[in-house]
Amino acid sequence: MRFVLSILLLALVAGFAEWFAPWWTAAIVAFIIGLYQPTTGKAFLAGFCGIALLWLGFALWRDIPNEHILSTRMALLFKLPSFGLYLSVTAILGGLIGGLAAWSGAQLKRVNQVKQA
């Protein structure tokens, strides 16, 4: 339950932060959420899922009303066969950013615990 709560909290707080600040604030939020994860593996997975879902949701929210015009053109620019693959790459890229940031936060917590012991 704590893991799912972390994913939802990460998506909500990062979405709010990205609404008013640059895209990289999602990494800062993921780093902070990663500090509260029990293991580095769970931190990476929570960060990956939270930011990937957020970026996919934002992309679909902007893409569906304009009938996939921009994503189709961007897919052609990157030589991808369809707009769906472009949206998938966007979500995976966001997931990697969030996952690595959350993993970094969990690693920092782990290093501090080792030094204190």
Side-chain angles (χ1 to χ4, degrees):
M1 184 65 183
R2 183 177 176 184
F3 179 72
V4 174
L5 184 64
S6 296
I7 292 172
L8 294 176
L9 182 67
L10 177 60
L12 287 174
V13 174
F16 184 75
E18 282 188 359
W19 192 262
F20 297 107
W23 65 269
W24 47 264
T25 55
I28 295 171
V29 173
F31 180 85
I32 293 168
I33 297 291
L35 289 171
Y36 296 103
Q37 289 297 316
T39 64
T40 56
K42 283 189 177 183
F44 179 83
L45 196 57
F48 186 92
C49 291
I51 302 300
L53 289 174
L54 172 70
W55 281 25
L56 182 63
F58 270 161
L60 287 173
W61 178 54
R62 302 300 282 174
D63 195 46
I64 290 173
N66 72 9
E67 298 175 358
H68 313 292
I69 293 171
L70 180 60
S71 62
T72 302
R73 289 182 182 175
M74 291 301 293
L76 289 173
L77 180 69
F78 288 112
K79 298 189 180 10
L80 297 173
S82 70
F83 69 89
L85 186 59
Y86 175 74
L87 293 176
S88 299
V89 169
T90 300
I92 290 170
L93 181 63
L96 286 174
I97 291 167
L100 290 173
W103 177 77
S104 298
Q107 283 290 82
L108 180 67
K109 181 182 82 170
R110 188 171 148 221
V111 167
N112 285 337
Q113 288 174 346
V114 169
K115 284 185 178 180
Q116 292 175 359

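All values reported here derive from a predicted model rather than from experimental measurement. Position 1 is the first residue of the sequence, and the numbers go up from there.
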Exercise for the section: Would you mind listing the cluster partners of F48? Hydrophobic ones only (ILVMFWY), side-chain contacts under 4.5 Å, chaining allowed. Expected result: F44, I92, L96, L100, W103
Practice task
Using the rule that two of Ile, Leu, Val, Met, Phe, Trp, Tyr join whenever any of their side-chain heavy atoms come within less than 4.5 Å, decide whether L54 and F20 are in one cluster.
Solution key: yes
Problem - Pairs satisfying ring pair (Phe, Tyr, Trp, His ring centres under 6.0 Å), at least one member in residues 63-93, at least two apart - result: H68-F83
Problem - Between OG1 on residue T90 and CG on residue L85, distance to nearest 0.5 Å - result: 9.5 Å
Exercise for the section: Compare all side-chain heavy atoms of L108 with those of F31 and state whether any distance is below 4.5 angstrom. Expected result: yes
Handout entry: Check: G84 main-chain N/O paired with S88 side-chain donor or acceptor under 3.5 Å
Key = yes
Handout entry: Verify same cluster id: V4, I32 (apolar side-chain graph, 4.5 Å)
Key = no
Exercise for the section: Supply the atom-to-atom distance I51 CD1 to L56 CG, rounded to the nearest 0.5 angstrom. Expected result: 12.5 Å
Exercise for the section: Using the test side-chain contact (heavy atoms from CB on, under 4.5 Å), find all partners of I69 that sit at least two apart in sequence or belong to another chain. Expected result: R73
Exercise for the section: Check for a donor-acceptor pair, side chain of K42 on one end and backbone N or O of G34 on the other, with a separation under 3.5 Å. Expected result: no
Problem - Heavy atoms of other groups near F58 CZ, more than 12 under 6.0 Å - result: yes
Problem - Non-hydrogen side-chain atoms of V13 and L10 separated by less than 4.5 Å - result: no
Handout entry: Remaining members of hydrophobic cluster (4.5 Å side-chain criterion), L12
Key = none
Practice task
List in chain and number order the residues that pass side chain to side chain donor-acceptor pair (under 3.5 Å) with W55, two or more places apart in sequence or in another chain; answer none if no residue qualifies.
Solution key: E18
Handout entry: Contacts of R110 that satisfy side chain to side chain donor-acceptor pair (under 3.5 Å) - sequence neighbours left out
Key = Q107
